[in-house]
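Keep in mind the model is a prediction, meaning the values are calculated, not measured. A, B, ... follow the sequence lines: proteins, then strands. Residue 1 opens every chain.
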Number of protein chains: 2
Amino acid sequence: MSLRHALLGLLAHGPASGYDLTRAFEGGIGQYAWQAGHSRIYPELGKMTEAGLVVVDEAGPRGRKTYTLTDDGRTELRRWMLHWPEQATVRNETVLRMFLVQSLEPDDARALLEGMAEHCARERDALRAVMDADDAEHRPGDPLPFGRLAGEYGIRQYEAVQGWAQWSLERLAAGEPVR
Amino acid sequence: MSLRHALLGLLAHGPASGYDLTRAFEGGIGQYAWQAGHSRIYPELGKMTEAGLVVVDEAGPRGRKTYTLTDDGRTELRRWMLHWPEQATVRNETVLRMFLVQSLEPDDARALLEGMAEHCARERDALRAVMDADDAEHRPGDPLPFGRLAGEYGIRQYEAVQGWAQWSLERLAAGEPVR
DNA sequence: CTATCCATGTAAAGGGTTACATGATTAA
DNA sequence: TTAATCATGTAACCCTTTACATGGATAG
């Protein structure tokens with residue numbers, strides 16, 4: 001049930017409404033870590049309120065509700081962050097394609113791997129540019145923007161996929177039958 | 001709906017039963033790419049049969065049914081492999097923790113990052129040993145074992161996480177406030 | 001004969017996506 | 001006044017997990 005923990009983690013940076021949290025999932029966290037839409041977020045915030053992990057400050061225009069972490073919520077977040085299971089939930093279409101590349105004809109496999117390498121090179125450059133811009137704005141002593149550390153991982157991740165695709169292309173080019 | 005494509009990809013290597021496919025998900029594909037249990041696999045194979053993507057050779061002990069890819073199934077697999085969307089489905093608890101590390105107290109963040117680095121170093125070594133054993137058994141000209149290419153990515157992936165955790169620890173050690 | 005593995009299925013409960021539905025506030 | 005944005009919610013449908021349920025084949 002990681003949506004709950006994603007919400008706890010976002011609220012650890014300060015109070016937010018369901019609408020704010022929905023916007024947050026449109027950024028990097030939704031693209032790289034965990035997806036969620038408002039229709040799932042609102043009911044989950046309701047359950048978390050019942051469970052005493054968050055409280056509502058009912059005060060805002062248009063019926064806006066602002067949620068704040070409770071001590072129990074912060075404790076639960078810390079527990080989840082530090083005690084991770086050996087087998088974490090993983091669902092990744094890109095890695096699935098990596099497993100299944102050996103089910104394609106050599107020409108198709110080559111096309112897939114070349115496409116992946118190009119895509120990752122482009123995404124890596126784009127993310128590098130965003131992170132460089134963040135760093136340029138950043139004054140020493142200020143807190144890092146949310147997701148700055150994870151962004152650095154994103155760059156390394158794209159480089160890993162790109163390097164892997166090139167390594168795989170070399171194995172294909174060497175005439176090694178991959179299936 | 002990637003379970004369908006995972007099954008198509010596994011069946012591309014040869015006919016298999018629901019039981020065989022369930023076993024396949026207990027290996028690397030289930031650990032790194034996509035999880036599925038038999039209670040989801042059997043109904044999905046039924047729907048895929050209705051859709052004409054697979055056919056059943058009803059012949060085996062204990063009511064065993066063996067599924068084989070049809071031409072339509074192979075076409076659908078190829079389509080899905082080569083035409084990937086920009087925004088792929090991602091659900092990854094480890095990356096979620098990376099995003100939320102900035103919501104922890106510095107001591108907790110350090111403990112998390114050190115734990116991740118150690119865990120990845122261990123997993124990397126274990127996977128490297130399995131891949132080396134695969135390569136030792138492998139005769140040039142034989143097809144690569146299923147998942148050999150993806151396994152190489154696994155190694156690079158663990159190295160990327162480990163390198164990232166160490167980079168993040170250095171930023172923490174430098175006294176930079178991460179939140 | 002007995003335990004283990006092979007083999008298939010269904011049911012219930014919960015998580016997640018898409019669509020439906022409504023209305024207040026603000027900026028142009 | 002009108003369009004965009006803020007803001008919340010529910011309903012239907014599908015996917016996923018866990019548990020329930022059954023029985024054949026094989027090895028010791």
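Taking atom CD on B:E44 and atom C1' on D:dC14, their separation rounds to 11 Å, with Å as the unit. Regarding B:E26, its CD atom lies at a distance of 13 Å from the P atom of D:dT17, rounded to whole Å. If you measure from atom CH2 of A:W34 to atom P of D:dT16, you get 12 Å, rounded to the nearest angstrom. What separates CZ of A:R23 from P of D:dA4 is a distance of 15 Å, to the nearest Å. Rounded to whole Å, atom C1' of D:dT16 lies 14 Å from atom CD of B:E93. Rounded to a whole Å, the CZ atom of B:R4 is 12 Å from the P atom of D:dC14. The interatomic distance linking B:Q35 (CD) with D:dT17 (C1') rounds to 10 Å, in whole Å. We find that CG of A:L45 is positioned 14 Å from P of D:dA7, with the value rounded to whole Å.
By the ring-ring contact (aromatic ring centres under 6.0 Å, His included) test, B:Y158 is found to be paired with no residue, residues two or more places apart in sequence or in another chain being considered. In terms of the salt bridge (Lys or Arg N to Asp or Glu O under 4.0 Å) criterion, residue partners of B:E152 (sequence neighbours excluded) are, by chain and number, B:R128, B:R148. Residues that satisfy the side-chain contact (heavy atoms from CB on, under 4.5 Å) test with A:A88, not counting sequence neighbours, are B:E93, B:T94. A search for side-chain contact (heavy atoms from CB on, under 4.5 Å) contacts involving A:E105 returns A:D108, A:R179, not counting sequence neighbours. Checked against ring-ring contact (aromatic ring centres under 6.0 Å, His included), A:W167 has no partners two or more places apart in sequence or in another chain. Not a single ring-ring contact (aromatic ring centres under 6.0 Å, His included) links B:Y32 to another residue, sequence neighbours left out. With sequence neighbours left out, the side-chain contact (heavy atoms from CB on, under 4.5 Å) criterion links A:S168 to A:L113, A:W164, B:L149. In this view, B:E26 and B:R23 satisfy the side-chain hydrogen bond (donor to acceptor under 3.5 Å, both in side chains) rule, not counting sequence neighbours.
Taking a heavy-atom distance under 4.0 Å as the criterion, the stretch of DNA chain C touched by chain B extends 5' to 3' from C:dC6 to C:dT17.
Listed in residue order, the members of residues 36-43 of chain B having a heavy atom less than 4.0 Å from DNA chain C are B:H38, B:S39, B:Y42.
Within the model, atoms SG of B:C120 and CG of B:L127 stand 11.5 Å from one another, a figure rounded to the nearest 0.5 Å.
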Which atom pairs, donor and acceptor, lie under 3.5 Å between side-chain atoms of residues 39-56 of chain A and protein residues at least two apart or in another chain?
from: A:Y42; atom 1: OH; to: A:Y19; atom 2: N; distance (Å): 3.4
from: A:E44; atom 1: OE2; to: A:R4; atom 2: NE; distance (Å): 2.8
from: A:E44; atom 1: OE2; to: A:R4; atom 2: NH2; distance (Å): 3.1
from: A:T49; atom 1: OG1; to: A:L45; atom 2: O; distance (Å): 2.7

Original post:
In dot-bracket notation, what is the pairing pattern of DNA chain C, taking Watson-Crick (N1-N3 plus N6-O4 or O6-N4) and G-U wobble (N1-O2 and O6-N3) contacts under 3.5 Å, with [ ] crossing and | for other strands?
Top reply: ||||||||||||||||||||||||||||
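The pair B:R110-B:D107 meets the salt-bridge criterion, with a side-chain N (NZ, NE, NH1 or NH2) lying under 4.0 Å from an Asp/Glu carboxylate O.
The residue among A:R62 and A:M1 whose nearest nucleotide of DNA chain C is located toward the 5' end is A:M1.
Put simply, A:R91 has a side-chain N or O that comes within less than 4.0 Å of OP1 or OP2 on D:dT16.
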